[in-house]
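First comes the structure, then the notes that go with it.
In what follows, chains carry the letters A, B, and so on, assigned in the order in which the sequence lines appear, proteins first and then strands, with residues in each chain numbered from 1.
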Protein chains: 2
Amino acid sequence: MSVQLEGRLANPDRMARPDFCPIERTFKVVGTRSAMLLLREAAYGTTRFDDFVRRAGLTETVASSRLRELVDAGLLTKEPYREPGQRTRYEYVLTPAGADLMPTLVALAAWGAEHLPHQPSPSYAHAGCGAPVAARIECAAGHAVTMDQLVASA
Amino acid sequence: MSVQLEGRLANPDRMARPDFCPIERTFKVVGTRSAMLLLREAAYGTTRFDDFVRRAGLTETVASSRLRELVDAGLLTKEPYREPGQRTRYEYVLTPAGADLMPTLVALAAWGAEHLPHQPSPSYAHAGCGAPVAARIECAAGHAVTMDQLVASA
DNA sequence: CGGCATCCTGTATGATACTG
DNA sequence: CAGTATCATACAGGATGCCG
C-alpha cells in the first residue's frame with residue numbers, strides 16, 4: 001500500500017518554486033533546532049532568558065539571536081515587566097501566532113515518540129482522560145482526512 | 001490568553017537533556033529543508049530521482065545524500081523495478097513511518113498558509129467535502145485536545 | 001537516467017570571555 | 001540576570017564536472 005497523491009496535482013512541477021510552498025516558508029522561520037526548542041520552552045511557560053538558555057540547552061549567543069528572530073517574526077513578544085522593588089526585567093511570551101505552531105510541535109513530538117523510542121522520554125497526554133495525544137489531519141467540516149483524501153490546489 | 005503548560009511539568013529542567021525530547025530526536029532525522037521537501041514530493045507521488053531533484057528544487061548532491069538518509073532512517077524505501085524491455089530503475093516510496101509524518105507536514109503547511117500569506121500558494125483540502133484541512137491535536141480516545149488540556153510527563 | 005567527486009559559501013551551533 | 005563579542009567547528013546546500 002503506497003500512500004500517494006499521485007495525479008491529484010494539476011502541475012506538480014509548479015510546487016518547486018522556492019517561496020511557493022507554505023512548508024518551505026514556514027521552515028524559513030522555525031526550521032532550526034534552536035527555534036523549535038525555544039518555542040517548546042515558551043509553551044512550557046518559560047519566559048526568562050536564563051531559563052531558555054538552560055532548559056533548551058543552548059548557548060547564550062544562539063538563544064539571543066534566535067529569540068530576537070522569533071520576536072521579529074511575531075511568534076514571541078518581548079515585554080518589560082517590573083515586580084515591586086525590583087529592577088525591570090523582560091519576559092518572552094508566545095503570541096497567538098506562536099501558539100498556532102503548537103500542533104506542529106505536538107506532531108513532531110508524537111512522531112518521535114512513536115518511531116524513535118528512547119528511554120526516558122516525556123510523553124504527552126490529554127489531561128481529561130489520560131490518553132496519549134497525536135496530531136491528525138482534519139478538515140474544517142470535522143472529518144478525519146487520510147492521505148489519499150488529501151488534495152492540493154494552487 | 002496565554003497558551004502555556006506552566007506547572008504541568010514535574011521538572012522542566014530535565015527536558016533540556018539532548019536526546020530526551022522527542023521533538024529534538026525527530027528533528028535529527030527530518031530537521032532540514034531538503035528532507036521536508038523530499039517527503040512532500042514522496043507524498044505527492046514522486047518516486048524517481050530526477051523528479052525529486054527537479055520538483056524539490058535541490059541539487060543532485062543534496063537529493064542523493066538526503067534520500068539515502070531518509071531510506072536509512074526507514075522513512076522511504078528504495079526498490080528496484082523493471083518495466084518490460086526497460087532497464088532496471090529504482091523508485092523511492094514512502095514507508096508507513098514516512099507516511100506518519102504527514103500530519104507534521106500538513107501542520108507546517110497550514111501554519112505557513114495562515115501566517116505567511118503568499119500569492120500564489122497551494123492550499124490543501126479534503127477530497128470528500130472540499131473543506132480546507134489542518135492538523136489537530138487529538139488523544140487516542142478521540143477527544144480534541146486544546147493546549148491547556150495537554151500534559152507532559154517523563 | 002541516476003547518480004558521485006570536488007570545491008565553495010553561508011549559517012547554525014558551540015566555547016569562552018566580557019559587560020551593564 | 002541578560003545579554004554582547006569573538007573565535008572555531010560542522011553541516012546544509014549550491015555549482016560544476018564526470019561516469020556507467
Side-chain angles (χ1 to χ4, degrees), chain A residues 13 16-19 21 23-24 27-42 46-73 76-83 85-93, chain B residues 13 16-19 21 23-42 46-73 76-83 85-93:
Chain A
D13 284 339
R17 286 162 55 171
D19 51 357
C21 172
I23 296 173
E24 201 164 352
F27 232 69
K28 265 284 193 195
V29 180
V30 294
T32 60
R33 169 177 157 272
S34 53
M36 290 293 187
L37 295 181
L38 289 171
L39 289 171
R40 177 200 69 187
E41 284 310 318
T46 299
T47 62
R48 283 161 57 175
F49 184 82
D50 233 44
D51 289 331
F52 278 111
V53 168
R54 197 178 66 266
R55 292 178 182 163
L58 302 169
T59 61
E60 293 98 334
T61 311
V62 171
S64 175
S65 55
R66 202 69 58 237
L67 282 171
R68 184 181 10 245
E69 287 175 17
L70 291 173
V71 169
D72 290 346
L76 297 175
T77 55
K78 181 182 184 178
E79 310 231 353
Y81 72 100
R82 178 194 296 254
E83 292 173 7
Q86 303 286 318
R87 68 184 174 91
T88 298
R89 295 178 189 283
Y90 292 93
E91 59 177 0
Y92 297 88
V93 181
Chain B
D13 284 340
R17 285 162 57 173
D19 52 358
C21 172
I23 297 173
E24 201 164 352
R25 299 204 303 277
T26 302
F27 231 70
K28 265 284 193 196
V29 180
V30 294
T32 61
R33 168 178 157 273
S34 53
M36 290 292 186
L37 296 181
L38 290 171
L39 289 171
R40 177 200 69 185
E41 285 309 318
T46 299
T47 62
R48 284 163 54 178
F49 183 82
D50 236 43
D51 290 332
F52 278 112
V53 168
R54 198 178 67 265
R55 292 179 181 162
L58 302 169
T59 61
E60 293 98 334
T61 311
V62 171
S64 173
S65 56
R66 203 67 62 235
L67 283 171
R68 184 181 13 245
E69 287 174 18
L70 291 172
V71 168
D72 289 347
L76 297 176
T77 56
K78 180 183 184 178
E79 311 228 354
Y81 72 101
R82 177 194 296 255
E83 294 175 5
Q86 302 287 318
R87 67 186 176 89
T88 299
R89 297 177 187 282
Y90 293 93
E91 59 176 0
Y92 296 89
V93 181

Practice problem: On DNA chain D, check which nucleotide each of B/T61 and A/E60 is closest to and give me the residue with the more 5' one. | Solution: A/E60
Quiz prompt | Whole angstrom value for the distance that separates P of C/dC1 from CZ of B/R89 | solution = 8 Å
Quiz item: Would you say the side chain of A/R33 lies within less than 4.5 Å of the side chain of A/L58, judging by non-hydrogen atoms?
Solution: yes
Quiz item: Expressed in angstrom and rounded to an integer, what is the separation of A/L38 atom CG from C/dA12 atom P?
Solution: 13 Å
Quiz item: So, is A/R87 near the phosphate of D/dA2, with a side-chain N or O under 4.0 Å from OP1 or OP2?
Solution: no
Quiz item: Nearest nucleotide by nearest heavy atom, which residue falls closer to the 5' end of DNA chain D, B/L58 or A/K78?
Solution: A/K78
Practice problem: For the residue pair B/L38 and B/L76, establish whether any side-chain heavy-atom pair is separated by less than 4.5 Å. | Solution: no
Quiz item: Among C/dA5, C/dT13, C/dG14, which is the nearest nucleotide to the side chain of A/T59?
Solution: C/dG14
Exercise. Return the 5'-most residue of the pair A/E69, B/L67 with respect to DNA chain C, ranking by each residue's nearest nucleotide.
Key: B/L67
Quiz item: Hey, does the side chain of B/R33 come within less than 4.0 Å of C/dA12's phosphate (OP1/OP2), counting only N and O?
Solution: no
Quiz prompt | Proximal nucleotide (of D/dG13, C/dT13, D/dG3) relative to the A/V62 side chain | solution = C/dT13
Quiz prompt | Separation of C/dG2 C1' from B/F49 CZ (nearest whole Å) | solution = 6 Å
Exercise. Could you tell me how the ring of A/F27 sits relative to the ring of B/F27: parallel (under 30°), tilted (30 to 60°) or perpendicular (over 60°)?
Key: parallel
Quiz item: Can you check the A/R82 CZ to D/dC1 C1' distance for me, whole Å?
Solution: 15 Å
Quiz item: B/S64 has a side chain; which of D/dC1, C/dG3, D/dT16 sits nearest to it?
Solution: C/dG3
Quiz item: Quick one: is D/dG3 close enough that its OP1 or OP2 comes under 4.0 Å of any side-chain N or O from A/R68?
Solution: no
Quiz item: Rounded to the Å, how far apart are B/F27 CZ and D/dC11 C1'?
Solution: 14 Å
Quiz item: So which nucleotide from C/dG14, C/dT13, D/dG14 ends up closest to the side chain of A/R66?
Solution: C/dT13
Quiz item: From the list D/dA15, D/dT4, C/dG2, which nucleotide is the closest neighbour of the side chain of B/R48?
Solution: C/dG2
Quiz item: With a 3.5 Å cut-off and just heavy-atom distances, do the side chain of B/S65 and the base of D/dA12 make a donor-acceptor pair?
Solution: no
Practice problem: Indicate yes or no: at least one non-hydrogen side-chain atom of B/T77 is less than 4.5 angstrom from one of B/E79. | Solution: yes
Practice problem: Give a yes/no answer on whether the side chain of A/S34 brings an N or O atom under 4.0 Å of OP1 or OP2 in C/dT13. | Solution: yes
Quiz item: Taking the side chain as C-beta and beyond, is there a heavy-atom pair between B/R40 and B/T46 under 4.5 Å?
Solution: no
Practice problem: Select base, sugar-phosphate, or nothing to describe what A/F52 touches, counting heavy atoms under 4.0 Å on all strands. | Solution: nothing
